[in-house]
2 protein chains.
Amino acid sequence: MDISDFNITIVGLGLLGGSMAMALRALGSGNLSGIDCDETAIEFALKSGIIDSGHTDSETALRQADIVIICLYPDQIVKYIKDNLNFFKKGAIITDIAGIKSEIVREISSIEGRNFEFISGHPMAGNEHKGIQHADGEMFRNANYIITPLEENKEESIELISTLMKKIGFKNVIRVTPEKHDRIIALTSHLTHIIAVSLVNSNMLDVDTKLFIGGSFKDASRVALINCELWPQLLISNKENVIEQIELFEENIRSIKAAIRNDDSELLEKQFQQASMRRKEIL
Amino acid sequence: MDISDFNITIVGLGLLGGSMAMALRALGSGNLSGIDCDETAIEFALKSGIIDSGHTDSETALRQADIVIICLYPDQIVKYIKDNLNFFKKGAIITDIAGIKSEIVREISSIEGRNFEFISGHPMAGNEHKGIQHADGEMFRNANYIITPLEENKEESIELISTLMKKIGFKNVIRVTPEKHDRIIALTSHLTHIIAVSLVNSNMLDVDTKLFIGGSFKDASRVALINCELWPQLLISNKENVIEQIELFEENIRSIKAAIRNDDSELLEKQFQQASMRRKEIL
């Protein structure tokens, strides 16, 4: 695959869009354009040399794009595609970066008269910042990329996106259904963010307490530095799965609490052994 | 303070005791002895050159020790001191490393006819391993050290231990009552370990799930690789505080769950903003 054969357009030059542009530029990508409603983001991208052209309107860039990577917030993706339906090049591959899949995939695949392929993706990478000024082309190195293709997608198109993402730096490209993605991600990402927020929002945490913080609290609360606009969207649109995972977690917490209350060190030891074993397997 | 003026004895050459010995040795400490019931631990320490003499019985070393650092599990500390009461040098300073304080301090301070000073300490450092072969003299670098002296302790003795710990590498030495220590540590350390264990023990975590793990899950679950003998002791002896912190945390989780269920993105955003602000302050 020679990346310079493709016109690639990134919609949304924020943290993720900017990082995608950087990673693609580092590959020597040919024609790379960026679309954003914020002119300063475009200027930043042009000055950094990570895009060849920048646009505040979508038509020009989309008409030429073979691959469109939509790096908008989840609730803007479907609207963006619907609003610009007539501008996509015939046969273009459209992908996104949203952390939830079922709803987006369902809505896009119900659009009639589509002349593009939509192959939804979730780059499992990021940091606590917002905006292109924090973009980092190395962000995707060794991370996992989840892809949730439709039955109608051509195998070669799926392969194209998979190969592109591996070239960008992702270690694994994992193919699942949107429904499975949302169920698992509710545990491995959504729940962990809820835990971090609940932990630092403890009323007990005050000036005195801070000196008692060691590695375990720092690690468990790292993602409490959270994108406050994005996350309510993610959690609410994945509501059922997230609530299921919260409740499984609450059950485990309750069982440990009961063991402590009952001085049941044997049960605690058993649970800790299981946890240690599982944690080793994850590493 | 010239460390070579003091005979220092470390009781228990495990991960922490071994690391203490290494850190003291790096300071050029004079006479450093180690006590352990396990001869292989003593051999390891002698071969590594981190102690000058090793003993499986306590009397000889204790009789000469100006400073005794007891690096045993919490439930062994009081027993050890009682069993060896007559061997401590008059005026010696005894300290420990236990992660819980109230019970130990109460029991030691009720021993009649003590001829030593007990100044309890909690080095907030460690890792998931056990045993002197994983010891690391740099473990304490920039960590916090909590000290819970008794009213009867001489100011100069408290200063001696504080200075020693700063020389070993600790950044802050924080002086509080044992009760306050146990209450705060229930949040900043005990709760975070319970969370990590509860998270990886989720029934949803299987082979498929693992490829979906990103940084947030890895960080939140790091301490699930836990010392299975030590932790039931810590949690059960700090039972009331731990249960209080679990319940505060459960309340926060419930309030986020309710907000998700009610599509209340405004409330979620507010909670996330608070969490972000607090997390920034911790860094």
Side-chain angles (χ1 to χ4, degrees), chain A residues 124 144 172 174 184-185 187-189 192-195 197-205 209-214 216-217 219-226 228 231-232 235-236 239 242-243 246 248-250 252-253 256-257 260-261 263 265 268-269 271-276 278-280 282, chain B residues 124 144 172 174 184-185 187-189 192-195 197-205 209-214 216-217 219-226 228 231-232 235-236 239 242-243 246 248-250 252-253 256-257 260-261 263 265 268-269 271-276 278-280 282:
Chain A
M124 290 199 63
N144 290 328
N172 301 300
I174 305 134
I184 299 180
I185 220 70
L187 168 64
T188 61
S189 167
T192 51
H193 283 77
I194 292 168
I195 287 172
V197 166
S198 302
L199 189 60
V200 298
N201 278 350
S202 169
N203 291 332
M204 269 286 291
L205 201 69
T209 326
K210 281 172 196 152
L211 286 168
F212 292 74
I213 284 175
S216 68
F217 194 94
D219 284 357
S221 64
R222 185 179 60 82
V223 293
L225 206 56
I226 195 171
C228 302
W231 274 86
L235 300 179
I236 289 173
K239 184 191 288 202
V242 171
I243 289 176
I246 292 177
L248 283 172
F249 174 72
E250 285 178 322
N252 287 348
I253 287 269
I256 292 185
K257 188 169 67 169
I260 295 172
R261 188 169 270 145
D263 298 332
S265 55
L268 288 175
E269 208 172 317
Q271 295 205 4
F272 294 171
Q273 272 159 357
Q274 179 184 317
S276 285
R278 283 167 164 245
R279 185 60 183 77
K280 263 181 217 154
I282 295 169
Chain B
M124 291 199 63
N144 290 328
N172 301 299
I174 306 134
I184 298 180
I185 220 72
L187 168 63
T188 60
S189 167
T192 50
H193 283 76
I194 292 168
I195 287 172
V197 166
S198 302
L199 189 59
V200 298
N201 278 349
S202 170
N203 291 333
M204 269 285 292
L205 202 68
T209 325
K210 280 171 198 153
L211 286 168
F212 291 74
I213 284 175
S216 68
F217 195 94
D219 284 356
S221 64
R222 185 180 58 83
V223 293
L225 206 55
I226 195 171
C228 302
W231 275 87
L235 299 179
I236 289 173
K239 183 192 289 204
V242 171
I243 289 176
I246 292 177
L248 284 171
F249 174 71
E250 285 178 322
N252 287 347
I253 288 270
I256 291 185
K257 188 169 64 168
I260 295 171
R261 188 169 269 143
D263 298 332
S265 54
L268 289 175
E269 206 171 319
Q271 295 204 5
F272 294 172
Q273 271 159 356
Q274 180 184 316
S276 285
R278 283 167 164 244
R279 186 60 182 80
K280 264 181 216 153
I282 294 169

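Letters go in sequence order (proteins before strands), and every chain restarts at 1.
The two atoms that bring A:Leu199 and B:Phe249 nearest to each other are N-CE1, 3.9 Å, heavy atoms only.
Although no hydrogens or angles enter the test, the distance criterion places no donor-acceptor pair under 3.5 Å between the side chain of B:Ser216 and the main chain of A:Val223. Side-chain atoms of B:Arg278 do not come within 3.5 Å of backbone N or O of A:Leu225 as any donor-acceptor pair. With hydrogens and angles ignored, the 3.5 Å screen pairs no side-chain donor or acceptor of B:Asp219 with any backbone N or O of A:Ala220. No donor-acceptor distance shorter than 3.5 angstrom exists from the side chain of A:Arg279 to the backbone of B:Val200, with no hydrogens or angles considered.
Contact annotation for B:Asp263: both backbone and side-chain heavy atoms come within less than 4.5 Å of a heavy atom of chain A. Of the atoms belonging to B:Ile256, it is side-chain heavy atoms, and not backbone ones, that fall under 4.5 Å from chain A. Of the atoms belonging to B:Leu248, it is side-chain heavy atoms, and not backbone ones, that fall under 4.5 Å from chain A. For B:Val242, the part sitting under 4.5 Å from any heavy atom of chain A is the side chain, from C-beta outward, and nothing else. Only the side chain of B:Ile246 comes within contact range of chain A, with heavy atoms under 4.5 Å apart. If you measure heavy-atom distances from B:Ile174 to chain A, the contacts under 4.5 Å come from the side chain alone.
Counting heavy-atom pairs closer than 4.5 Å to chain A, the top-ranked of the candidates B:Glu269, B:Lys257, B:Met124 is B:Lys257. Contacts with chain A were tallied for B:Ile185, B:Asn172, B:Val197, B:Leu268; B:Val197 has the most, counting heavy-atom pairs under 4.5 Å. No other option in A:Gly214, A:Ala275, A:Ser265 has as many heavy-atom pairs under 4.5 Å with chain B as A:Ala275. No other option in B:Gln271, B:Arg261, B:Gln273 has as many heavy-atom pairs under 4.5 Å with chain A as B:Arg261. Of all the listed residues (B:Ser202, B:Ser276, B:Ser189), the one sharing the greatest number of non-hydrogen pairs under 4.5 Å with chain A is B:Ser276.
In this structure, NE2 in A:His193 is found 9.0 Å from CZ in B:Phe272, a value given to the nearest 0.5 Å. The structure places CG of B:Leu187 at 10.5 Å from CG of A:Asn203, a figure rounded to the nearest 0.5 Å. Here the CE atom belonging to B:Met204 is positioned 8.5 Å from the OG1 atom belonging to A:Thr188, to the nearest 0.5 angstrom.
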Q: Start with the C-alpha distance between B:Phe217 and A:Ile195, add both sets of side-chain angles, then the distance that settles side-chain contact (heavy atoms from CB on, under 4.5 Å), and finish with yes or no.
A: CA-CA 10 Å; B:Phe217 195 94; A:Ile195 287 172; over 6 Å; no

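Within the 4.5 Å cutoff, the side chain of B:Ile194 has heavy atoms near those of the A:Ile260 side chain.
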